[in-house]
Amino acid sequence: MSPPTFRLYNTLTHETEPVEPIEEEHLRFYSCGPTVYTYAHIGNFRSFVTADLIRRTAEAIGWDVTNVSNITDVGHLTQDDLVDPGGEDKMKQALEREGERFANIYDLARHYTKAFLEDWRALNLREPEVRPRATEHVTDQLHAVIELVEKGHAYTTDQGVYFSVESFDDYGHLSGNTQAQQLQATDRDVVEDPDKQDPRDFALWKHDPDHLMHWHSPWGWGYPGWHIECSVMGMQYLGDRFDLHTGGEDLIFPHHECEIAQNQSLAGHQVINYWVHTRFLQVEGEKMSKSKGNFYTVRDLINPGPEDDHVPAPIRKQGGVDPLALRYTLLQGQYRKPFNFTLDTLRTAARHVQRFQDASERVDEAIEANVDGPDPIGPQLGDCYDRMLEAMCDDLNTPAAAAAALEGVKVIEQADKLSVAAAHSARHWLDRTNDLLGIVEPEHETDASSEASEQEVISGDHLADSVEELLDEREAARTDGEYARADAIRDTLEALGIEVMDTPDGTEWQRKTEL
RNA sequence: GGUGACGUGGCCGAGUGGUCAGGCAGAGGCCUGCAAAGCCUCCUACGGCGGUUCGAAUCCGCCCGUCACCUCCA
């Protein structure tokens with residue numbers, strides 16, 4: 001069977017289109033990464049998950065993938081175009097807020113970069129081929145700015161270098177913000193540079209020798225504008241024609257609009273064919289914000305500290321959720337639709353992820369047991385996989401793909417006995433499902449997770465001894481028909497957070513999930 | 001005001017002209033000493049008003065509503 005056609009919604013054309021890579025069967029794309037001035041939140045990661053799913057889907061249909069995903073570690077102004085009287089930027093603000101923790105702005109950026117990469121791996125995101133840092137490409141950015149000036153697309157003032165929007169006819173194509181009056185000076189500039197020629201013009205370089213990060217340039221000491229880094233790093237690693245660019249919906253304007261203007265002015269032609277944008281998520285029906293108490297970083301949910309009291313108590317009590325449950329939750333909504341992140345969805349996701357893991361264990365045991373027999377489930381699982389892939393190729397329809405995956409795991413659960421042949425089919429399906437959706441098992445070994453699991457094993461063992469003792473006692477009571485005593489023991493265990501289940505194969509127990 | 005996305009059962013969420021989504025919650029049943037888990041069954045919706053059609057959740061128009069961007073934000 002030939003693989004389905006991979007289709008994605010292209011913001012540039014407002015249509016869902018077949019993805020046709022410039023190089024046959026080789027998708028090359030750029031993903032806008034984070035500014036590393038704080039911990040990334042679950043909304044940030046919704047966007048990175050989209051990029052990851054594009055990669056996985058492309059790989060699943062047999063394509064090669066080259067992905068560039070940047071780290072923005074330059075402190076840009078809090079207002080894009082503003083020469084702030086106080087010279088504040090996000091990273092400087094963060095440094096002032098947390099001054100004692102970091103020796104300087106580079107320290108701060110390093111810390112949050114490291115944290116970001118840990119979260120990235122925890123959520124089973126595959127590594128990009130290139131992960132460039134903005135600070136390591138400032139010279140390249142300078143060259144690009146010089147070239148834009150030379151080509152007549154930019155001009156200098158005392159305060160910096162600006163891109164001349166008038167020099168680029170197609171400005172506004174991506175966002176629809178074509179009318180100049182939409183960008184009134186009062187809207188865009190809090191402090192106007194009197195020498196700016198058009199209110200729509202945006203900064204390529206800021207003259208500011210006092211900025212915490214500054215570099216030498218033909219226009220004196222200063223730092224680059226926000227938009228130029230992505231243009232430069234994208235074209236440096238992917239060339240002046242590549243396939244696709246991803247980011248959050250807020251980046252459509254101004255960031256990507258400006259990036260297109262820069263790219264095409266530098267290259268002289270269209271550089272990127274497809275633009276894919278992920279919608280913001282809401283939390284419990286509201287915009288995520290610290291003041292509403294519904295603002296979650298990734299680490300809030302997977303590894304909350306005792307003092308993180310904005311994290312719901314059930315999550316804190318059980319020491320955080322499985323990162324894959326968080327990932328699975330994010331798959332419950334298609335990237336282009338509004339998505340309401342709720343505790344309820346997270347709870348359900350945790351249960352479903354557990355089912356995949358249980359099925360995976362059962363399959364491994366069946367392979368070990370090596371019992372001869374027929375394989376009645378192989379074809380069903382193959383069909384499930386086809387539907388998953390079809391759904392993913394249809395503009396990353398993750399809810400439909402997840403539904404098909406759930407059907408597959410059900411097929412494995414319901415199989416009475418797993419012959420070794422059936423188990424191999426199941427193993428194959430689970431592996432391919434994990435390749436496509438990343439929801440079965442972690443693909444990275446992280447220090448944090450191995451430490452945590454080690455601890456869990458230790459405390460688990462300790463707990464297990466006392467639980468087993470109580471269960472033996474209960475079993476004895478049950479055999480003697482002393483059900484009142486047996487139930488009392490069960491109540492005791494329940495109070496300890498242990499759930500008891502009597503199965504045909506004997507009594508089993510597990511930690512009750514608090515969610 | 002400009003631009004864009006979206007509006008499906010108690011909740012989440014598939015579905016682009018005529019047969020089923022799926023999940024969660026809820027109800028009943030099987031199983032169980034009783035539970036739990038699991039399994040089976042049930043709950044049949046498409047914002048409103050027009051239009052096209054033999055037939056519309058699905059196409060068209062208008063209206064209403066939600067969200068987002070237009071200042072940094074994924």
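Just so it is clear: chains get the letters A, B, ... in the order the sequence lines come, proteins before strands, and each one is counted from 1.
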- Message: How would you summarise protein contacts on nucleotides 26-33 of chain B per nucleotide, using B for base, S for sugar-phosphate only and - for none, with heavy-atom distances below 4.0 Å?
- Response: -------B
- Any side-chain donor paired with an acceptor under 3.5 Å for A:Glu284 and A:Asn294? no
- Query: Should A:Lys287 be listed as having a side-chain N or O under 4.0 Å from OP1 or OP2 of B:rC73?
  - Reply: no
- CG of A:Leu331 versus P of B:rG13: gap in Å, rounded? 13 Å
- Query: Among B:rC39, B:rC73, B:rA74, which nucleotide sits nearest the side chain of A:Gln414?
  - Reply: B:rC39
- Query: So does A:Asn397 get a side-chain nitrogen or oxygen closer than 4.0 Å to the phosphate oxygens (OP1/OP2) of B:rG13?
  - Reply: no
- Does OP1 or OP2 of B:rU66 have a side-chain N or O of A:Lys337 closer than 4.0 Å? no
- For A:Phe280 and B:rA74, are the ring centres under 5.5 Å apart with planes inclined under 30°? yes
- Base-pairing assignment for B:rG38 (Watson-Crick or G-U wobble, both under 3.5 Å): B:rC30
- Query: For B:rU52, which nucleotide is its Watson-Crick or G-U wobble mate, given both distances must be under 3.5 Å?
  - Reply: none
- Query: Which listed nucleotide (B:rG13, B:rA14, B:rA74) is nearest to the side chain of A:Phe339?
  - Reply: B:rG13
- Which base sits across from B:rA25 as a Watson-Crick or G-U pair, both distances under 3.5 Å? none
- Message: Under a plain distance cut-off of 3.5 Å, with no hydrogens placed, do A:Thr72 and A:Asn70 share a side-chain donor-acceptor pair?
- Response: yes
- Message: On RNA chain B, does the nearest nucleotide to A:Arg336 precede the nearest nucleotide to A:Asp344 from the 5' side, or the other way round? Give the residue.
- Response: A:Arg336
- Task: Provide, to the nearest angstrom, the distance between the CD atom belonging to A:Gln354 and the C1' atom belonging to B:rG23.
- Result: 17 Å
- Identify whether any heavy atom of A:Ile252 sits under 4.0 Å from a base atom; if not, whether one sits that close to sugar-phosphate; answer base, sugar-phosphate or nothing. nothing
- For A:His352, answer base if it contacts any base atom (sugar-phosphate contacts may also be present), sugar-phosphate if it contacts only those atoms, and nothing otherwise; contact means non-hydrogen atoms under 4.0 Å. sugar-phosphate
- Note on the structure: Here the distance between atom C1' of B:rG13 and atom CZ of A:Phe341, to the nearest Å, is 16 Å
- Item | Identity of whatever pairs with B:rC20 - Watson-Crick or G-U, under 3.5 angstrom | none
- Message: At 4.0 Å (heavy atoms only), tell me whether A:Gly247 reaches a base, stays on the sugar-phosphate, or touches nothing.
- Response: sugar-phosphate
- Query: Taking the nucleotide of RNA chain B with the closest heavy atom to each, which residue, A:Thr348 or A:Gly33, is nearer the 5' end?
  - Reply: A:Thr348
- Message: If I take atom CD in residue A:Glu257 and atom C1' in nucleotide B:rU71, what distance separates them, rounded to the nearest angstrom?
- Response: 16 Å
- Message: Looking only at the aromatic ring of each residue, does the gap between the centers of A:His310 and A:Phe295 stay below 6.0 angstrom?
- Response: no
- In whole angstrom, what separates A:Leu437's CG from B:rG22's C1'? 14 Å
- Task: Please report, rounded to the nearest Å, how far the C1' atom of B:rA74 is from the CH2 atom of A:Trp275.
- Result: 15 Å
- Mate of B:rU44 where both pairing distances stay under 3.5 Å, Watson-Crick or G-U: none
- Query: Looking for any heavy atom pair under 4.0 Å, which part of the strands does A:Asp480 touch: base, sugar-phosphate only, or nothing?
  - Reply: nothing
- Compute the centroid of each ring, for A:Tyr39 and then for A:Tyr112, and state whether the two points are separated by less than 6.0 Å. yes
- Message: Please pick, from B:rA36, B:rC73, B:rG13, the nucleotide with the shortest atom-to-atom distance to any side-chain atom of A:Asp250.
- Response: B:rC73
- Looking at the rings of A:Phe48 and A:Trp120, which for Trp means the six-membered one, are their centres under 6.0 Å apart? yes
- Note on the structure: Partner of B:rU58 under the Watson-Crick or G-U wobble criteria, both distances under 3.5 Å, comes out as none
- Item | Closest listed nucleotide, where the reference is the side chain of A:Leu406 and the choices are B:rC6, B:rC73, B:rG23 | B:rG23
- Query: Can you find a donor-acceptor N/O pair under 3.5 angstrom joining the side chain of A:Arg351 to the base of B:rC24?
  - Reply: no
- Query: Between A:Trp509 and B:rA37, is there a side-chain N or O to OP1/OP2 distance below 4.0 Å?
  - Reply: no
- Message: Does the structure show a Watson-Crick or G-U wobble partner for B:rG1, both distances under 3.5 Å? Name it, or say none.
- Response: B:rC70
- Can you tell me if the side-chain N/O atoms of A:Tyr9 get under 4.0 Å from OP1 or OP2 in B:rA5? yes
- Determine whether the side chains of A:Gln141 and A:Trp205 contain a donor N or O and an acceptor N or O closer than 3.5 Å. no
- For B:rC6, the Watson-Crick or wobble partner whose two distances fall under 3.5 Å: B:rG65
- Task: Mind telling me whether A:Phe163 and A:Phe202 have parallel, tilted or perpendicular rings, with 30° and 60° as the class edges?
- Result: parallel
- Side chains of A:His214 and A:Asp208 in contact at under 4.5 Å (non-hydrogen atoms): no
- Item | Test item: A:Gln264 and A:Phe168 side chains (from C-beta on) under 4.5 Å apart, heavy atoms | yes
- Side chains of A:Thr246 and A:Ser31, donor plus acceptor under 3.5 Å: yes
- Touch class at under 4.0 angstrom, heavy-atom based, for A:Gln334 against every strand present: sugar-phosphate
